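Keep in mind that the numbers below use all heavy atoms, side chains included, and drop hydrogens, waters and symmetry copies. Just so you know, residue 1 is the first one in the sequence shown, and it goes up from there. Note that this is a predicted model, so its numbers are computed, not measured.
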Amino acid sequence: MSSGKTTQAHRVDTATGLMADARFCESPNADDRPDATTVDTLILHSISLPPGDYGGPEIEDLFMNRLNPDDHPYFATLSGLEVSAHLLLRRDGELLQFVPFHRRAWHAGLSHFRGRTRCNDFSIGIEIEGSDDEAYTDEQYVVLPRLVTALLQAYPALTPRRIAAHSDISPGRKTDPGPAFDWLRLYDGLRTAAESKKACT
């Protein structure tokens, strides 16, 4: 059953770099993009903490540098890690933002995309709560195309052809969002959103 979060519209405030309907929790794991950088790439990740567990505060704790390494054996492997993402899409459709879009979130790590390295410099990172081999939720497939559409409208250099998986930019090192992620469902949602926008103009 939908939580109701999936019915929200999505809009980017380009002055603040925030998604208007996201809950904002400012992560310290961010810095300024290089001067004159154009945001032109969107990178999709997946995350669950502990792996395969959903709904807890641990992802937020990780991005806010307050994850307790003693709470779970896996957390000890993340001790001292400073990471973030611009957005986190929960399995129930809730949207959290950790870094304004005009700032550089630390999500991509060692990476390259279409001849360029340091993908954090020019990309927006979206973490989707999930695992490589477990189906993502209907709520996520409703919300994700809407928020991507809002980003495409706010940042004209972004296009559907510049949406990449973490595994695309860090092959051999990362596998997410994995084979369980339905790319066709995302692109169908983007097409539907574009058709709806055109019909309203």
Peer 1: Taking side-chain hydrogen bond (donor to acceptor under 3.5 Å, both in side chains) as the definition, give me every residue that meets it alongside R33, ordered by chain and number, with sequence neighbours left out.
Peer 2: H86
Peer 1: Partners of P69 by side chain to side chain contact (heavy atoms under 4.5 Å, CB included), sequence neighbours excluded?
Peer 2: S79
Peer 1: Which atom pair, heavy atoms only, marks the closest approach of L190 to P145?
Peer 2: CD2-O, 3.5 Å
Peer 1: E134 and Y54: which non-hydrogen atoms are nearest, and at how many Å?
Peer 2: OE1-OH, 3.0 Å
Peer 1: Got a salt bridge between R116 and D40, using NZ or NE/NH1/NH2 to carboxylate O under 4.0 Å?
Peer 2: yes
Peer 1: For Q140, does its backbone N or O pair with a side-chain atom of T137 as donor and acceptor, under 3.5 Å?
Peer 2: yes
Peer 1: Begin from the C-alpha positions of H107 and S123 and carry the test side-chain hydrogen bond (donor to acceptor under 3.5 Å, both in side chains) through to its verdict.
Peer 2: CA-CA 9 Å; H107 62 98; S123 68; 3.1 Å; yes
Peer 1: Say whether Y155 and T38, considering side chains only, have a donor N or O and an acceptor N or O under 3.5 Å apart.
Peer 2: no
Peer 1: Walk me through whether L152 and V148 qualify under side-chain contact (heavy atoms from CB on, under 4.5 Å).
Peer 2: CA-CA 6 Å; L152 296 178; V148 170; 4.2 Å; yes
Peer 1: Knowing that exactly one of L18, T16, D13 qualifies, which makes a side-chain contact (heavy atoms from CB on, under 4.5 Å) with P100?
Peer 2: L18
Peer 1: So, using side chain to side chain contact (heavy atoms under 4.5 Å, CB included) as the criterion, who are the partners of D182 when residues are at least two apart?
Peer 2: Y141, L184, R185
Peer 1: Counting only heavy atoms from other residues, nucleotides and ligands, does the tally under 6.0 Å from CZ of R91 exceed 12?
Peer 2: yes
Peer 1: If you compare all heavy atoms of I43 against all heavy atoms of A165, which two are closest, and at what distance to 0.1 Å?
Peer 2: CG2-C, 4.2 Å
Peer 1: One thing to verify: whether R11 and D21 come together as a salt bridge, which I'm taking to mean a side-chain N less than 4.0 angstrom from a carboxylate O.
Peer 2: no
Peer 1: For A105 and A30, which heavy atoms make the closest approach, and how far apart are they?
Peer 2: CA-CB, 4.5 Å
Peer 1: Could you note down all residue pairs passing ring pair (Phe, Tyr, Trp, His ring centres under 6.0 Å) where residues 109-131 supplies at least one of them, sequence neighbours left out?
Peer 2: none
Peer 1: Does Y74 offer a backbone N or O that forms a donor-acceptor pair with the side chain of T77 under 3.5 Å?
Peer 2: yes
Peer 1: Return all side-chain donor-acceptor pairs below 3.5 angstrom for residues 55-62, not counting sequence neighbours, or 'none' if the list is empty.
Peer 2:
from, atom 1, to, atom 2, distance (Å)
E60, OE1, R23, NH2, 3.3
E60, OE2, R66, NH2, 3.2
D61, OD1, R66, NE, 2.7

Peer 1: Is R103 salt-bridged to D32, going by a charged N under 4.0 Å from an acidic O?
Peer 2: yes
Peer 1: Parallel under 30°, tilted from 30 to 60°, perpendicular over 60°: which one fits the rings of F75 and H72?
Peer 2: tilted
Peer 1: Measure the CG-CD1 distance between L147 and I124 for me, rounded to the nearest 0.5 Å.
Peer 2: 10.0 Å
Peer 1: Quick one: do the T175 and D132 side chains pair a donor with an acceptor below 3.5 Å?
Peer 2: yes
Peer 1: Between OG1 of T149 and CG of L144, what distance do you get to the nearest 0.5 Å?
Peer 2: 9.0 Å
Peer 1: Taking side chain to side chain contact (heavy atoms under 4.5 Å, CB included) as the definition, give me every residue that meets it alongside E26, ordered by chain and number, with sequence neighbours left out.
Peer 2: F24
Peer 1: Would a single hydrophobic cluster contain both L89 and M19, if residues Ile, Leu, Val, Met, Phe, Trp and Tyr are joined by side-chain heavy-atom contacts under 4.5 Å?
Peer 2: yes
Peer 1: Take H10 and L95, measure what side-chain contact (heavy atoms from CB on, under 4.5 Å) needs, and give me the verdict at the end.
Peer 2: CA-CA 10 Å; H10 297 285; L95 191 60; 4.1 Å; yes
